[in-house]
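Structure first, commentary second.
These numbers come from a predicted model, not from an experiment. Protein chains get the first letters and strands the later ones, always in sequence-line order, with residue 1 at the start of each.
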Number of protein chains: 2
Amino acid sequence: MSENASAERTGFREVKEDIVSRIKNRTWGPGELLPGEVELSRQFGCARATVNRAMRELAEEGVLERKRKAGTRVVQNPVRHARFEIPIVRHEVEASGAEYRYALVKREVLTPPDWLQARMGVNSADRVIHVQCMHYSGNSPYQFEDRWINIAAVPKVEQADFTSTSPNEWLVNEVPLSKAEISFSASSASDEVARFLELKSGEPVFVAERATWLEELPITYARMSFPESYRLVSSL
Amino acid sequence: MSENASAERTGFREVKEDIVSRIKNRTWGPGELLPGEVELSRQFGCARATVNRAMRELAEEGVLERKRKAGTRVVQNPVRHARFEIPIVRHEVEASGAEYRYALVKREVLTPPDWLQARMGVNSADRVIHVQCMHYSGNSPYQFEDRWINIAAVPKVEQADFTSTSPNEWLVNEVPLSKAEISFSASSASDEVARFLELKSGEPVFVAERATWLEELPITYARMSFPESYRLVSSL
DNA sequence: CAGTGGTCTAGACCACACA
DNA sequence: GTGTGGTCTAGACCACTGC
C-alpha cells in the first residue's frame with residue numbers, strides 16, 4: 001500500500017506552478033527569455049509535450065509570450081484578463097434565492113432603424129422584431145431588456161409571442177453557438193428606463209449590450225439596463 | 001514536388017470546427033451525448049489525443065460538458081463567457097491616440113479602515129497607503145483612481161512617492177502575477193469624484209474595482225471611476 | 001467494476017521567423 | 001539555414017464515477 005513517496009510523476013500542473021513561482025521569485029524577470037522546451041523537459045524530467053502544454057496554457061493565460069524561433073519570454077506588461085459569465089437572467093435571479101418574474105412590455109414588427117443597420121449590418125429591406133420586457137427579482141425590478149431580432153435570420157420568431165418566455169431564453173434554444181460582442185457601460189436612466197426600473201430619470205443605470213451573429217448573419221441586438229445595485233463580478 | 005492534394009492531416013482545429021458545425025446544424029442538440037473519443041478518432045481518422053484536445057478546448061470554451069464515465073455532452077444552457085482586457089490606463093489612453101497625463105491627488109499613510117480589513121483580510125495592526133490620482137486623456141478626465149496598498153505586503157511602497165508614476169504601473173512592476181478579483185458597476189458620482197471627473201454630483205459613473213492578493217497576502221484594493229462615456233468592450 | 005475522459009511518453013515532422 | 005515552438009501519433013496507465 002505505502003507508495004514510494006518519490007514516485008510522483010511530473011505533471012503539466014506542477015510544471016506550470018513551478019514556472020509561475022520562478023516568475024514570482026524573480027528567477028525569471030519580466031521580458032526575460034526562458035529555456036527552450038527541450039531543455040526544460042530535461043530539467044523537469046518529463047516529456048516535451050508536458051512542458052509544451054504547461055507553457056502553452058501559461059501563454060493562453062497571458063503570463064508568457066511564445067514565438068517560434070524566438071523562444072518563450074515572460075510577458076512585459078501583464079495585460080490583465082478578466083473573464084465574466086453572462087448567465088440567463090432567470091438563472092441569475094434564481095441562483096440568488098429570489099423568485100423570478102418576467103413581463104413582456106412591448107412587441108412590434110418594424111423596418112430596422114438606421115443605427116441598427118449600421119451596428120449589425122441588417123439589410124434595410126428586412127424586417128425586425130422589437131421587444132421590450134422586464135425581469136424582476138422578487139418584487140424588485142432587476143433588468144429592463146430592449147431587444148431587436150432579425151426576422152430574416154430567425155423566421156420562427158414571428159410565431160413566438162414572448163408573453164411567457166423571455167426572448168433571450170427563446171433565442172438560446174433556437175440559435176445555438178452564435179458569436180457575440182458584449183460591452184458594458186454606465187448611463188443615465190431615460191424616462192422610459194426609469195419608469196420600468198422604478199428610478200428617477202437621470203439616475204445611474206448599468207448597461208450591458210450584446211450583439212450576436214451566426215456566421216456573419218445578424219441575429220439580435222439587446223440593450224439590458226440594471227439599477228445601480230447591480231454588480232458584475234469576474235469569475236476565475 | 002507536387003504533393004498529394006488529399007494528403008491533408010486532420011488537425012484539432014478541423015475537429016473542433018466539425019464538432020461546432022454539427023452542433024449548429026442540430027446533428028447534436030443541446031444536452032445530447034457525443035460519441036466517445038475513441039469512436040470519434042476513428043471517424044476523423046486521427047489520433048485520440050487530437051480529438052481529446054479539440055473536445056477539451058470546446059469544454060473550456062463552454063460549448064461541451066465532459067465527465068468521466070458519463071461521456072461528453074453539448075452544454076444545455078450555454079452560459080456565455082466574455083473575456084475583457086484590463087490594460088494599464090496609460091496604454092489604454094495612448095492606444096486611442098490621445099496624450100496621457102497623470103496627476104497625484106493625495107498620498108497618506110493610515111491604519112486600514114474596517115471595510116478594507118473585511119474586504120481583503122488586511123491585518124488591523126498593519127498600515128496601509130491611501131493614494132488618489134487622476135488619469136487624463138488629452139485634457140479630458142479619463143479616470144479617477146482611489147487605491148489602498150498594504151505596506152506589510154510591499155514594504156518598498158513607502159519609498160515610492162507616485163508623483164510621476166501611477167501606483168498601478170508601479171505595482172505591476174513590483175508585484176508580478178498577483179491574483180485579482182475584478183468587478184464592474186454603475187454608481188452616482190460622489191462630490192469628490194464629480195469634482196475630479198468634472199461632472200455634477202450624482203451623475204452616473206462607471207466603476208471598476210480590483211482587489212489583488214499574492215498567495216493569500218492582501219496587496220491592494222483599487223476603485224476606478226470613469227465618466228459616462230467609458231465603454232468596456234469584450235475581446236475575443 | 002468497467003467505461004470514459006485525463007494525462008504522460010517518445011518520437012516525429014512541420015512551419016515559422018530570425019540570422 | 002536552423003532553431004524554436006506547434007502539432008500529430010500510437011500506445012500506455014490512471015482516476016473518477018455511473019451503473
Side-chain angles (χ1 to χ4, degrees), chain A residues 1-20 22-23 28 31-76 236, chain B residues 1-20 22-23 28 31-76 236:
Chain A
M1 302 319 130
S2 73
E3 305 238 351
N4 183 336
S6 71
E8 279 272 321
R9 279 213 289 184
T10 318
F12 75 99
R13 292 159 195 284
E14 295 165 74
V15 176
K16 279 180 75 171
E17 281 178 31
D18 204 279
I19 292 175
V20 165
R22 288 199 212 178
I23 295 174
W28 295 320
E32 193 167 330
L33 188 66
L34 273 61
E37 297 188 346
V38 191
E39 164 64 15
L40 280 180
S41 64
R42 275 202 300 102
Q43 287 186 25
F44 285 112
C46 64
R48 180 168 80 101
T50 305
V51 173
N52 179 276
R53 176 160 180 194
M55 293 176 103
R56 179 160 36 87
E57 291 195 358
L58 286 173
E60 181 78 17
E61 293 164 22
V63 175
L64 301 177
E65 237 172 1
R66 320 196 72 194
K67 261 191 285 192
R68 280 166 167 149
K69 171 70 180 174
T72 300
R73 295 176 176 281
V74 178
V75 155
Q76 280 279 7
L236 214 162
Chain B
M1 312 292 158
S2 73
E3 304 240 350
N4 183 334
S6 71
E8 279 270 322
R9 280 212 291 183
T10 318
F12 75 98
R13 293 160 196 284
E14 294 165 74
V15 176
K16 279 179 75 171
E17 281 178 31
D18 204 279
I19 292 174
V20 164
R22 288 199 211 179
I23 295 174
W28 294 320
E32 195 168 328
L33 187 66
L34 272 62
E37 297 187 346
V38 191
E39 165 64 15
L40 281 180
S41 63
R42 275 203 299 104
Q43 287 186 24
F44 284 112
C46 64
R48 181 167 80 101
T50 306
V51 173
N52 179 276
R53 176 159 182 196
M55 293 177 103
R56 179 160 36 87
E57 291 195 358
L58 286 174
E60 181 78 18
E61 294 164 22
V63 175
L64 300 178
E65 235 172 4
R66 320 195 73 193
K67 260 190 287 192
R68 281 164 165 149
K69 170 70 180 175
T72 300
R73 294 175 176 280
V74 178
V75 155
Q76 281 279 6
L236 212 164

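Within the 4.5 Å cutoff, side-chain heavy atoms of Val51(A) are placed close to those of Cys46(A).
Straight-line distance from the CD atom of Glu37(B) to the C1' atom of dG11(D): 14 Å, rounded to whole Å. Between the CZ atom of Arg56(B) and the C1' atom of dT4(C) there is a distance of 15 Å, rounded to whole Å. Rounded to an integer number of Å, the gap from Glu57(A) CD to dG6(D) P is 13 Å.
A donor-acceptor pair under 3.5 Å links the side-chain atoms of Arg73(A) to the main chain of Gly31(A), judged by distance alone. Put simply, the side chain of Thr10(B) gets close to the backbone of Phe44(B): a donor and an acceptor are under 3.5 Å apart. Without hydrogens or angle criteria, Glu14(A) side chain to Gly11(A) main chain gives a donor-acceptor distance under 3.5 Å.
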Reading DNA chain C 5' to 3', how would its secondary structure be written in dot-bracket notation, given Watson-Crick and G-U pairs with both distances under 3.5 Å, brackets [ ] for crossing pairs and | for partners on other strands? ||||||||||||||||||.
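Applying the side chain to side chain donor-acceptor pair (under 3.5 Å) test between Thr72(B) and each of Glu65(B), Glu32(B), Arg66(B) identifies Arg66(B) as the sole match.
The shortest distance between the side-chain N/O atoms of Thr72(A) and the OP1/OP2 oxygens of dT4(D) is not below 4.0 Å.
Contacts between residues 42-55 of chain B and DNA chain C, defined by a heavy-atom separation below 4.0 Å, involve Arg48(B), Asn52(B), listed by number.
Here the side chain of Arg66(A) is nearest to one of dG6(D), dT7(D), dG18(D), namely dG6(D).
Both Arg68(A) and Gly11(A) lie near DNA chain C, and the one whose nearest nucleotide falls closer to the 5' end is Gly11(A).
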